[in-house]
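One structure below.
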Amino acid sequence: MRVSFHTPIRFLSKENAFPACRLNIRRQNLHVGEQVLREIRSEWPVIPSNTLLEHRSQRLGNRYDLRSPLHQKLQALFNQYYGWVESGRRLWEQSFRSVHDFARAFYGAIETYPGLNCAECSMLGQLALLKRGIVAHRVKLEGVNPATGEAERTYEHAITVFGLRPGANLEKPGTWGQQAVVLDPWLGVVMPADRALDYLREELGINAARYKLRLSSKDLCPITPPLAAECYRQATGWRPHPPERALDGDPHL
């Protein structure tokens with residue numbers, strides 16, 4: 001049985017700050033992101049994640065006795081989820097001959113070892129978008145100590161981004177464009193990228209006065225950006241179809 005803290009879904013589709021043409025495209029991107037998140041969460045109503053368990057406990061202020069049955073249960077769940085994640089990653093964190101081989105290994109791994117930390121969740125988001133024919137990327141957020149230039153492991157997080165401006169630099173969100181959207185199944189978030197990064201910084205507890213936010217596309221995914229656009233055409237059994245469009249009167253807009 002999959003047991004974890006429930007993560008509510010947060011949507012942000014109502015916009016009024018941009019010209020109509022750009023606004024419509026961003027609304028469409030948000031709408032598609034919401035659909036993908038619903039699909040993932042219908043398959044995974046709760047997220048079996050040791051890092052999410054730890055994150056929620058920290059947000060609650062760790063207000064429980066370390067000797068209590070509750071703590072012992074949480075620790076047992078943490079250990080179980082951690083073991084699943086580590087076992088699964090040994091199956092999919094390697095080189096593959098094709099995107100299809102990778103996807104098959106990844107889905108097989110999380111079926112056998114159903115542990116989903118942020119890396120696995122962002123992978124689910126990326127693959128779901130790629131199967132729709134939408135180029136999507138995984139990006140790592142890090143809280144960096146300016147004095148040392150080193151990232152704090154506590155503040156590492158992976159997300160999925162799509163709808164980027166042509167030529168955008170994944171490490172420089174200022175180049176992503178106003179239509180870019182962040183999808184984060186781990187936290188249950190779909191938001192415009194220009195708002196999501198501030199939200200994630202606050203949610204993850206990255207103190208802006210002490211840490212600088214650094215983004216990186218390195219060491220995340222066997223599906224590199226040049227492969228992403230061709231992913232759904234290469235993978236056996238994946239049939240491309242146009243992205244869903246947001247229609248006038250859509251209740252989500």
Side-chain angles (χ1 to χ4, degrees), residues 2 7 9 28-49 51-52 84-141 157-164 168 170 176 180-191 193 196 215-244:
R2 297 167 182 166
T7 306
I9 295 176
Q28 291 172 18
N29 289 341
L30 286 165
H31 181 63
V32 172
E34 291 169 5
Q35 288 185 321
V36 168
L37 182 55
R38 285 192 184 95
E39 290 175 5
I40 293 172
R41 294 303 293 274
S42 67
E43 175 66 21
W44 302 88
V46 291
I47 305 297
S49 166
T51 53
L52 185 59
W84 283 344
V85 168
E86 291 300 303
S87 297
R89 289 183 181 180
R90 283 194 287 271
L91 299 179
W92 67 264
E93 283 192 334
Q94 52 184 294
S95 298
F96 294 91
R97 296 180 61 184
S98 71
V99 171
H100 176 61
D101 288 344
F102 164 73
R104 183 169 53 189
F106 174 73
Y107 286 125
I110 63 174
E111 181 67 25
T112 304
Y113 303 106
L116 301 179
N117 283 350
C118 61
E120 288 78 13
C121 287
S122 61
M123 185 72 72
L124 285 171
Q126 184 189 36
L127 289 172
L129 289 162
L130 291 171
K131 286 193 286 186
R132 282 174 157 79
I134 300 171
V135 176
H137 306 280
R138 296 175 65 230
V139 174
K140 180 167 67 176
L141 284 70
H157 186 55
I159 58 174
T160 308
V161 296
F162 66 102
L164 301 183
L170 292 175
W176 291 1
V181 167
V182 164
L183 167 63
D184 186 349
W186 188 79
L187 280 174
V189 170
V190 176
M191 288 184 181
L215 280 73
S216 171
S217 60
K218 300 174 183 177
D219 302 324
L220 279 177
C221 177
I223 304 178
T224 57
L227 279 175
E230 301 298 323
C231 175
Y232 64 95
R233 288 195 284 269
Q234 293 182 26
T236 302
W238 287 2
R239 297 292 179 261
H241 57 81
E244 292 83 351

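Worth saying up front: this structure is predicted, and the values here are computed from it rather than measured. Throughout, numbering of the chain's residues begins at 1 and tracks the sequence.
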### Message
Applying side chain to side chain contact (heavy atoms under 4.5 Å, CB included), can you list everything that pairs with C118, at least two apart in sequence or on another chain?
### Response
H157, A158, W186
### Task
Can you measure from CG (L183) to CD (Q126) and round to the nearest 0.5 angstrom?
10.5 Å
#### Entry: Residues which pass salt bridge (charged side-chain N to carboxylate O under 4.0 Å, His left out) with R90, listed by chain and number, not counting sequence neighbours
none
### Message
I'd like to know if R132 pairs up with E39 as an ion pair, taking the criterion as any Lys NZ or Arg NE/NH1/NH2 lying under 4.0 Å from an Asp or Glu carboxylate oxygen.
### Response
yes
### Message
Are the side chains of Y113 and R89 in contact, using a 4.5 Å heavy-atom criterion?
### Response
no
### Message
Under a 3.5 Å distance rule, please check whether T160 uses its side chain to pair with a backbone N or O of S122 as donor and acceptor.
### Response
yes
### Test item: V190 and V181 side chains (from C-beta on) under 4.5 Å apart, heavy atoms
yes
### Message
I'd like to check the side-chain hydrogen bond (donor to acceptor under 3.5 Å, both in side chains) partners of T112; sequence neighbours left out, ordered by chain and number.
### Response
none
### Point-to-point distance, once rounded to the nearest 0.5 Å, from CH2 of W44 to CG of L124
7.5 Å
#### Entry: Atom pair CG/CE of L116 and M123 - distance to nearest 0.5 Å
11.5 Å
### Task
State, to 0.1 Å, how close I110 and E120 come at their nearest heavy-atom pair, and which atoms those are.
CG2-CG, 4.4 Å
### All side chain to side chain contact (heavy atoms under 4.5 Å, CB included) counterparts of A168, not counting sequence neighbours
L164, T175, W176
### Query
At what distance, to the nearest 0.5 angstrom, does CZ of F162 lie from CZ of R138?
15.5 Å
### Task
Kindly write out the residues that satisfy side-chain hydrogen bond (donor to acceptor under 3.5 Å, both in side chains) with N117, not counting sequence neighbours, or none if the list is empty.
S49, N50, T51
### Spatial distance of atom CG (D184) from atom CG (L37) [nearest 0.5 Å]
9.0 Å
## Note on the structure
V85 and G115 have their tightest heavy-atom pair at CG2-C, 3.6 Å
### Message
Working to the nearest 0.5 angstrom, can you tell me the gap between L91 CG and E111 CD?
### Response
12.5 Å
